[in-house]
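Following: one structure in structure tokens, then a few remarks.
Quick note: residue numbers are just sequence positions, from 1.
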Amino acid sequence: MSMETDRILVGYDGSPAAEAAVEWAIDEARRWTCGVRLVEVVEWPVRVGPATPRADNWPRTPAYRDTEQALDRTVSVLGAANPDVPITGLVVEGPPATMLAELSTGVQLVVVGNRGRGGFADLLLGSVAAALATHAAGPVAVVRRGVAGSYASGPVVVGVDESPEARGAVSAAFAEAERRGAELVAVRAWQPPQPWHSLGRPRNEDAVEELETAERTLLADALRDSRRATVSVSMRAPETGAARALVEASRGAQLVVVGSRGRGGFRGSRLGSVTRQLLHHAHCPVLVVRAPGANDNEGTR
């Protein structure tokens with residue numbers, strides 16, 4: 001891989017979650033044999049939404065220069081501590097989500113903390129992390145403080161359904177498992193079309209077993225094209241909600257990989273409810289993968 005083109009971009013603001021994201025990204029860069037670029041965004045004084053166009057003629061502010069000097073110091077310290085990973089820094093001005101989404105074009109991976117310096121203390125997922133998982137040009141890893149390095153020897157988990165995003169997630173998960181020398185745990189949650197109690201009869205265990213067997217067959221089919229001989233795979237088809245299954249599977253995992261949205265959802269919703277819940281509650285970093293060719297103007301299925 002080229003150190004110049006295969007960079008990992010990290011949204012950085014000095015917050016504890018951003019520091020965790022940087023640490024995780026540097027470890028990831030070692031596996032990818034690539035460089036890391038820290039990007040710190042000096043937000044405009046006027047609050048704007050993630051779709052607001054850039055104003056390239058806005059003058060650079062004293063805050064920009066101060067941030068640039070501080071980021072240079074951070075990059076210098078990180079570079080001295082990690083001489084095997086090329087680390088650079090960049091300061092830009094504008095709406096943070098917009099600027100990071102623009103800069104995501106052409107990089108291999110964007111990494112952000114789950115929450116930055118702004119927002120409310122009780123929110124588990126910040127607006128920038130949610131917006132990037134929706135709008136970035138490629139995969140986005142969201143890292144929570146305190147979980148990034150907790151399970152260095154655990155498996156990689158991938159959520160599977162029939163969506164195009166899930167197919168991309170499966171491929172990315174196999175690649176991540178291979179890089180880590182880790183087991184891949186594929187999870188396809190399911191629920192009966194109608195609860196047994198609503199049918200007015202007791203739970204039929206034979207029918208449950210048939211449904212689970214069918215789901216496992218669909219799961220095996222979804223993995224077939226991406227399988228790698230070097231990656232050991234285990235499959236889980238729990239009878240529960242998808243978000244609950246993936247949050248539970250994230251305990252002890254190195255990474256959970258999911259599509260940006262699944263087979264359900266509402267038209268115009270670009271970040272699926274399962275993915276959003278996972279970003280809030282997972283016990284390890286989450287890698288969000290969009291479908292090949294996806295863009296922000298497409299509707300959900």
Side-chain angles (χ1 to χ4, degrees), residues 114 124-125 129-130 133 139-144 147 150-151 153-174 176-177 180 182-198 203-205 207-224 226-227 231-266 269 271-291 300-301:
N114 65 306
L124 295 177
L125 182 65
V140 175
V142 179
V143 180
R144 288 174 57 194
V147 304
S150 301
Y151 304 109
S153 60
V156 171
V157 174
V158 61
V160 182
D161 61 20
E162 294 88 5
S163 67
E165 285 81 1
R167 289 195 291 273
V170 168
S171 178
F174 269 104
E176 289 292 342
R180 288 168 163 77
E183 177 190 22
L184 179 67
V185 176
V187 178
R188 179 186 171 92
W190 64 278
Q191 292 177 301
Q194 228 176 338
W196 302 107
H197 63 79
S198 70
R203 178 182 172 90
N204 185 324
E205 294 299 336
V208 169
E209 186 175 348
E210 288 181 9
L211 287 169
E212 182 176 350
T213 299
E215 293 293 332
R216 283 183 171 274
T217 299
L218 290 171
L219 178 53
D221 289 343
L223 301 177
R224 183 173 294 114
S226 298
R227 278 187 179 270
V231 177
S232 173
V233 179
S234 66
M235 299 189 298
R236 299 180 187 174
E239 182 188 354
T240 186
R244 180 188 295 272
L246 289 169
V247 169
E248 182 60 30
S250 74
R251 296 181 186 275
Q254 294 187 48
L255 180 70
V256 175
V257 186
V258 288
S260 56
R261 64 188 187 210
R263 60 190 170 197
F266 297 95
S269 172
L271 187 63
S273 61
V274 171
T275 299
R276 186 176 291 275
Q277 290 182 61
L278 189 61
L279 290 175
H280 275 274
H281 301 296
H283 300 280
C284 67
V286 178
L287 179 63
V288 181
V289 179
R290 299 179 70 190
T300 57
R301 292 157 305 285

Subject >> Closest non-hydrogen atom pair between V160 and R188, with its separation >> reply: O-CG, 3.6 Å
Original post:
Going through the checks in order, is the side-chain contact (heavy atoms from CB on, under 4.5 Å) test met by R180 and L255?
Top reply: CA-CA 10 Å; R180 288 168 163 77; L255 180 70; 4.2 Å; yes
Original post:
Are the side chains of L279 and N114 in touch, meaning some heavy atoms are under 4.5 Å apart?
Top reply: no
Original post:
Could you state the interatomic distance from OG1 (T275) to NE2 (H280), rounded to the nearest 0.5 Å?
Top reply: 11.5 Å
Subject >> With R236 via side chain to side chain contact (heavy atoms under 4.5 Å, CB included) - residues at least two apart >> reply: V185, V187, P238, A249
Subject >> From E215 atom CD to E210 atom CD, the distance as rounded to the nearest 0.5 Å >> reply: 13.0 Å
Original post:
Can you name the closest pair of heavy atoms from V247 and H281 and give their distance?
Top reply: CG1-O, 3.7 Å
Original post:
Any idea which heavy atoms bring V231 and A182 closest together, and the distance?
Top reply: CG1-O, 4.0 Å
Original post:
Any side-chain heavy-atom pair from V170 and L223 closer than 4.5 angstrom?
Top reply: yes
**OP:** List the steps and the verdict of side chain to side chain donor-acceptor pair (under 3.5 Å) for E183 and S234.
**Re:** CA-CA 8 Å; E183 177 190 22; S234 66; 3.0 Å; yes
**OP:** Could you walk me through whether V140 and V142 pass the side-chain contact (heavy atoms from CB on, under 4.5 Å) test, one step at a time?
**Re:** CA-CA 6 Å; V140 175; V142 179; 4.2 Å; yes
Subject >> Distance (rounded to the nearest 0.5 Å) between D161 CG and R167 CZ >> reply: 9.5 Å
Original post:
So which heavy atom on P155 is nearest to which on G252, and how close?
Top reply: CD-O, 3.5 Å
Original post:
Are E248 and R244 ion-paired here, with the side-chain N under 4.0 Å from a carboxylate O?
Top reply: no
**OP:** List the steps, then state whether side-chain contact (heavy atoms from CB on, under 4.5 Å) holds for W190 with T240.
**Re:** CA-CA 6 Å; W190 64 278; T240 186; over 6 Å; no
Subject >> Minimum heavy-atom distance A253-V157, with the two atoms named >> reply: CB-CG2, 3.8 Å
**OP:** Output the distance between atom CG (L287) and atom CG (L278), rounded to the nearest 0.5 Å.
**Re:** 11.0 Å
Original post:
Who pairs with R216 by salt bridge (Lys or Arg N to Asp or Glu O under 4.0 Å), at least two apart in sequence or on another chain?
Top reply: E212
Original post:
How long is the gap from CD on E165 to CZ on R290, to the nearest 0.5 Å?
Top reply: 8.5 Å
Subject >> R144 side chain to A282 backbone, donor-acceptor under 3.5 Å >> reply: yes
**OP:** Under the side-chain contact (heavy atoms from CB on, under 4.5 Å) rule, what do V156 and F174 come out as? Steps first, then yes or no, please.
**Re:** CA-CA 8 Å; V156 171; F174 269 104; over 6 Å; no
Original post:
Quick one: does V256's side chain get under 4.5 Å of C284's, heavy atoms only?
Top reply: yes
**OP:** Quick one: list whatever passes side chain to side chain donor-acceptor pair (under 3.5 Å) with Q277, sequence neighbours left out.
**Re:** none
Subject >> Where L184 and A173 come nearest, the two heavy atoms and their spacing >> reply: CD1-CB, 3.7 Å
